[in-house]
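Please read the structure below before turning to the comments.
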2 protein chains.
Amino acid sequence: MAGTKRERPKVSNKTDGNRTQMAYRKIKEMMFNYDIVPGQRLIFVDFANRLGVSRTPINNALSILANEGFLDFIPNQGYRVHEITREEANHLYEIREIIELGAIELAIKKVSPEKLKTLETQKKLYEKSVMQQVTRGRFTLDQEFHACYVQMAENPYLTDYFREVYQRIFLRHRIEGLPVGRSREVVIEHKEIFKAISMKDVGAAQKLIKQHIRAGKDYIFSAIFGQKSI
Amino acid sequence: MAGTKRERPKVSNKTDGNRTQMAYRKIKEMMFNYDIVPGQRLIFVDFANRLGVSRTPINNALSILANEGFLDFIPNQGYRVHEITREEANHLYEIREIIELGAIELAIKKVSPEKLKTLETQKKLYEKSVMQQVTRGRFTLDQEFHACYVQMAENPYLTDYFREVYQRIFLRHRIEGLPVGRSREVVIEHKEIFKAISMKDVGAAQKLIKQHIRAGKDYIFSAIFGQKSI
DNA sequence: TAATGTAATATTGTATGCAATATTAAATGT
DNA sequence: ACATTTAATATTGCATACAATATTACATTA
């Protein structure tokens, strides 16, 4: 096949945007499906073949993901899925707390019946997945609940940073494989947080969120490391 | 020259890392020197010629910078330096406040004589530039003072996020061109903040930092937009 | 067998060619 | 002159070629 005229699909599949963006999305998706796992080396050609594109857009996508901290990069040795240490996970939880506590203060200044409705919907989606014992995707539902009140702060950058931090933590935990352990408590805690927000009680909301994040962290840390955090 | 054998310098100039990273750094530098300005379209070949490399590493560098929010990207229309709106600047200041107030709480838990010494040095560097009326680079010195106490929190991710936010604000302001206006007050405020930190008074430090950030913001907003923030 | 060296293979890094698309300039009509 | 079409030019997006480097497989020796 060497020397063949270069090929290119007729239309660029508008929904996908360009190939770099498509590759970026697909590779990130693969990370969250644990299709590629922390520590694993990523080979350009493999992705190129898998995604049906050349190495150029793969290269672009990987350099972005590395810049975001999802991948490690060593010159001439390529990319690996970042394997986060316990210490790093601690740091990410610290930031998550700072972001959420900061966001909730702004969010409560801007509550509206519509927003509360949306938040309640998210809360119920998580609840439902627990009731029906659907473990798959539950971590994402939790993320959505938290993202929802962060979003209420109406600061898109803040939401972006929140998501990035949350996703970086997620990648550490391979949470989908974990036992369901704390989900009943989570349902209750979400309910309390929702209540504090709807009552516009900043102090209470912050206290509850702090406890909620730390309890989740402790649970995860003991599940993964066999010990509490720090 | 067309069809000439492709060239490549003998050694890869270890200090520069690879070409992509070099391009990334240089282009960012150009942004902060206002060598390229908000709204300006960035042409691949221009950078390639300017930096003496091909379009490939430029492409990589630009896609990273776009992902970080410094550039806007429109498919098939290339990259432009992001032109931040007043609203966006407000959002960035909100995040900056959240990050710094969160960081200072952690930082104060971890103060040590050495760290205070470093912070004092940074404080004095800014002071000196005001005394000697060196306006060039003063904004960077301010950043370093703030980064210094954020760094005391010993959370590298937090420092990264702080720098990113601060730089994104900087890009908006073209601050180097602004009148020196508030710098005498800044010196005093830095002194007060330093004092609160060295006395491990979290509440006072947070209050002072909040005021400091807001005063700076108001000054900048009125200098740029001719009106106070919001 | 383990360690070391060496050849074979794989992979990265980047320059470049070319099609698709966008932008600009020129030409034409109103 | 101004708008509109058309041609000319520029630019992006991507595939690919090839050198530099890294990795692996294999042979050789201790």
Side-chain angles (χ1 to χ4, degrees), chain A residues 1-27 36 39-67 70-82, chain B residues 1-27 36 39-67 70-82:
Chain A
M1 276 296 172
T4 307
K5 209 94 236 203
R6 42 183 77 57
E7 285 162 46
R8 180 194 281 246
K10 298 293 134 52
V11 283
S12 57
N13 195 351
K14 292 297 190 191
T15 51
D16 268 3
N18 61 25
R19 283 149 143 80
T20 295
Q21 290 172 308
M22 181 271 279
Y24 170 84
R25 274 203 310 281
K26 295 258 174 153
I27 295 171
I36 52 181
Q40 183 177 337
R41 182 173 174 190
L42 305 179
I43 307 297
F44 284 40
V45 256
D46 293 351
F47 285 101
N49 295 336
R50 186 111 190 266
L51 304 181
V53 299
S54 81
R55 284 163 28 234
T56 305
I58 301 296
N59 190 15
N60 266 304
L62 294 183
S63 59
I64 294 170
L65 286 164
N67 185 259
F70 290 111
L71 305 178
D72 296 326
F73 170 71
I74 303 177
N76 295 318
Q77 293 182 58
Y79 296 88
R80 283 173 193 280
V81 180
H82 181 63
Chain B
M1 280 294 172
T4 307
K5 210 92 238 203
R6 40 183 78 57
E7 285 161 48
R8 177 196 282 247
K10 297 291 134 52
V11 283
S12 57
N13 195 349
K14 293 295 187 190
T15 52
D16 267 3
N18 59 27
R19 285 150 142 80
T20 295
Q21 290 172 305
M22 180 272 278
Y24 170 85
R25 274 203 310 281
K26 294 259 174 152
I27 295 171
I36 52 181
Q40 183 177 337
R41 183 175 173 188
L42 306 179
I43 307 298
F44 283 40
V45 259
D46 293 351
F47 286 99
N49 294 336
R50 187 108 189 268
L51 304 181
V53 299
S54 80
R55 285 158 22 232
T56 305
I58 301 296
N59 189 16
N60 267 303
L62 294 182
S63 59
I64 293 170
L65 286 164
N67 184 260
F70 291 109
L71 305 178
D72 295 326
F73 170 72
I74 303 175
N76 296 320
Q77 292 182 61
Y79 297 88
R80 282 173 193 280
V81 180
H82 181 64

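Within every chain, numbering begins at 1; the chains are lettered A, B, ... in the order of the sequence lines, protein sequences first and strands thereafter.
- Taking all atoms of both residues into account, the shortest heavy-atom contact from A:V81 to A:L71 is CA-CD2, 3.7 Å.
- Residues B:L62 and B:F44 meet the side-chain proximity criterion, which asks for heavy atoms closer than 4.5 Å.
- The CG-P distance, from A:N49 to C:dA10, rounds to 13 Å in whole Å.
- Put simply, CD1 on A:I58 is 17 Å from C1' on C:dT14, counting in whole angstrom units.
- Rounding to whole angstrom units, CG of residue A:L42 and C1' of C:dT11 are separated by 13 Å.
- Distance OH (B:Y79) to P (C:dA22): 16 Å, rounded to an integer number of Å.
- Judged by distance alone with a 3.5 Å cut-off, a donor-acceptor contact links the side chain of A:R55 to the base of C:dT14.
- Contact annotation: A:T56 side-chain N/O to D:dC14 OP1/OP2 distance is not under 4.0 Å.
- A straight line from CD of A:Q21 to P of D:dT12 spans 15 Å, rounded to a whole angstrom.
- The two residues B:Q77 and B:R41 have their closest heavy-atom pair at O-NE, 3.3 Å.
- Here A:N59 lies in heavy-atom contact (under 4.0 Å) with a base.
- Comparing atom distances between the B:V45 side chain and each of C:dT16, D:dT11, D:dG13 picks out D:dT11 as nearest.
- Annotation for A:Y79 and A:A66: closest pair CE2-CB, 3.6 Å, computed over non-hydrogen atoms.
- Atoms CZ (B:F44) and P (C:dA20) sit 19 Å apart, rounded to a whole Å.
- A sub-4.0 Å separation between OP1 or OP2 of D:dA15 and a side-chain N or O of A:R19 is present.
- Contact between B:S63 and A:N60 at its shortest, heavy atoms only, is OG-OD1, 2.9 Å.
- When every heavy atom of B:L51 is checked against every heavy atom of B:M22, the shortest pair comes out as O-CE, 3.9 Å.
- Remark: A:F70 engages no residue in a ring-ring contact (aromatic ring centres under 6.0 Å, His included) (not counting sequence neighbours).
- At distances below 3.5 Å, at least one donor-acceptor pair connects side-chain atoms of B:R80 with backbone N or O atoms of B:G39.
- At whole-Å resolution of the value, CG in B:L51 and P in C:dT14 are 13 Å apart.
- Between A:T20 atom OG1 and A:R25 atom CZ the span is 11.0 Å, to the nearest 0.5 Å.
- One can place CD1 of A:I74 at 16 Å from P of D:dT21, the figure rounded to the nearest angstrom.
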What pairs of nitrogen or oxygen atoms, one from the protein and one from nucleotides 23-25 of chain C, lie under 3.5 Å apart?
residue	atom	partner	partner atom	Å
C:dT23	OP1	B:Q77	OE1	3.1

Polar pairs (N or O, both sides) under 3.5 Å between protein and nucleotides 5-9 of chain C?
none

